[in-house]
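The structure appears right after this line, and notes come after that.
Note that the coordinates shown come from a computational prediction; the quantities given were computed from them, not determined experimentally. Here, residue 1 is the first one in the sequence, and each next residue gets the next number. Just so it is clear, the values below take in all heavy atoms, side chains as well, and ignore hydrogens, waters and symmetry mates.
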Amino acid sequence: TDADEIRILRNLADVSIPNSLSGMISARVDRLPAHLKELLNVAAVIGSTFRLELLRRVANIPNLDALLDTLTQEEILFESQSFPEIEYSFRNVLIQESVYGAMLLKKRKALHLQVAQQVERLFANNLEEQAELLGYHFHLAEEWKPAYVHLVASGLKAKRAFANEEAVRAFSRALTASAFADASEMSVTDLHVHLSETKELMGEMSDAISHREEAIKTTTDPKLQADFLRNIGRMYEKRGFKDDATRVYEQAFVLLADH
């Protein structure tokens with residue numbers, strides 16, 4: 001991680017572990033005392049690598065350093081960075097995934113919310129740099145309003161940096177959140193446009209066209225609709241589909257002529 005930035009590599013809800021391996025890891029974790037398993041739950045929700053200070057704030061348990069020493073001796077965790085901030089990592093990411101997967105959904109959501117709230121406090125003077133992390137945790141906590149705000153910010157930041165896959169992931173999650181939150185930070189129309197532009201940069205033209213088509217459905221402004229149709233026609237031309245491009249351009253002309 002950079003000095004003031006933590007990145008999410010993948011959504012653990014989408015990860016599966018072979019049953020035999022999962023069973024071995026679960027058996028190893030199950031042998032631990034309850035207070036160590038609880039600490040591992042918190043750590044697994046934060047991520048495969050986590051700051052000691054963030055863990056301390058979320059876990060809020062005494063003798064944390066001694067417990068971490070025990071988990072280090074058990075070769076479950078290790079201190080992966082000592083400067084400028086102390087960080088720990090799971091010795092094997094499969095341990096984190098197994099611990100995370102064994103938790104009840106209600107508990108996961110509660111911990112994701114606690115992590116997000118503590119990240120807001122810990123990085124209160126630099127929240128923009130934590131947009132990806134905050135969007136990730138608020139989204140999995142199903143706290144839709146703050147999730148939407150931070151996912152939009154994360155998507156825009158990634159798009160500016162041409163981190164296209166990260167941008168698509170953030171904007172797609174923002175679309176999910178928009179169904180449950182007031183989309184005041186960015187309209188759903190604009191979300192589809194950003195997704196279309198990013199997908200086009202990635203060469204995924206079918207998806208780029210689909211998002212422009214979805215954008216048309218979300219607005220009643222004929223000028224905007226015509227502009228979206230123009231871009232769809234342009235993308236059809238890039239793909240060599242001249243007839244489709246002509247058909248779409250004609251639809252745009254009709255829209256403008258009627259208004």
Side-chain angles (χ1 to χ4, degrees), residues 1-12 15 29 32 35-100 103 108 110-141 143 146-147 149-167 169-170 173:
T1 60
D2 296 330
D4 290 315
E5 184 175 4
I6 305 171
R7 291 195 174 186
I8 304 300
L9 298 181
R10 54 181 163 174
N11 186 348
L12 290 185
V15 172
V29 172
L32 296 172
H35 59 288
L36 287 179
K37 288 191 283 189
E38 184 60 29
L39 179 58
L40 282 179
N41 283 340
V42 177
V45 167
I46 297 176
S48 58
T49 295
F50 49 88
R51 292 190 182 207
L52 173 59
E53 180 57 27
L54 181 56
L55 180 68
R56 193 183 304 280
R57 287 170 178 246
V58 179
N60 192 28
I61 55 178
N63 303 320
L64 177 61
D65 293 330
L67 298 181
L68 288 172
D69 285 344
T70 299
L71 290 171
T72 299
Q73 292 167 13
E74 292 286 338
E75 297 189 337
I76 292 174
L77 302 177
F78 69 101
E79 186 178 317
S80 52
Q81 178 176 295
S82 57
F83 182 85
E85 300 283 345
I86 297 176
E87 291 185 353
Y88 280 82
S89 297
F90 280 84
R91 179 71 62 177
N92 189 315
V93 72
L94 294 181
I95 300 175
Q96 180 213 5
E97 292 163 0
S98 178
V99 172
Y100 186 90
M103 270 185 282
R108 281 190 217 167
L111 284 174
H112 278 295
L113 179 57
Q114 289 179 47
V115 173
Q117 291 170 336
Q118 291 301 332
V119 168
E120 285 185 317
R121 296 185 180 104
L122 184 59
F123 299 101
N125 296 324
N126 197 15
L127 285 182
E128 184 179 350
E129 290 300 316
Q130 302 303 322
E132 182 185 8
L133 188 67
L134 287 165
Y136 171 79
H137 285 294
F138 277 126
H139 182 258
L140 290 178
E143 291 290 324
V149 170
H150 292 296
L151 287 167
V152 166
S154 174
L156 290 172
K157 179 184 173 185
K159 188 182 178 198
R160 288 193 297 269
F162 296 98
N164 295 325
E165 290 185 2
E166 291 178 21
R169 183 166 57 247
R173 288 175 178 168

Worksheet item: Mind checking what makes salt bridge (Lys or Arg N to Asp or Glu O under 4.0 Å) contact with R57, not counting sequence neighbours?
Response: E53
Discussion item. Just to verify, what does A153 make a side-chain contact (heavy atoms from CB on, under 4.5 Å) with, not counting sequence neighbours?
Written reply: A131
With heavy-atom distances below 4.5 Å as the criterion, would you say the side chains of [X] and [Y] are in contact?
X    : Y    : answer
V45  : M103 : yes
F138 : E120 : yes
L71  : L32  : yes
L77  : I95  : no
E129 : K157 : yes

Item to complete: For residues 60-78, pull every pair meeting side chain to side chain donor-acceptor pair (under 3.5 Å), keeping only residues two or more places apart or in separate chains.
Response: R56-D65
What is the minimum heavy-atom distance between [X] and [Y], and which atoms define it?
X    : Y    : result
H112 : Y100 : NE2-OH, 2.7 Å
A116 : L134 : O-CD2, 3.4 Å
G155 : A167 : O-CB, 3.7 Å
L40  : V99  : O-CG1, 3.7 Å
V42  : A59  : CG1-N, 4.2 Å

Nearest 0.5 Å, please: how far is [atom2] in [Y] from [atom1] in [X]?
X    : Y    : atom1 : atom2 : result
I61  : L67  : CD1   : CG    : 5.0 Å
E143 : H150 : CD    : NE2   : 11.5 Å
E97  : S48  : CD    : OG    : 8.5 Å

Worksheet item: Do the rings of F50 and Y88 sit parallel, tilted or perpendicular, given the 30° and 60° boundaries?
Response: parallel
Worksheet item: Would you find a donor on one side and an acceptor on the other, under 3.5 Å apart, between the side chain of Q81 and the backbone of E85?
Response: yes
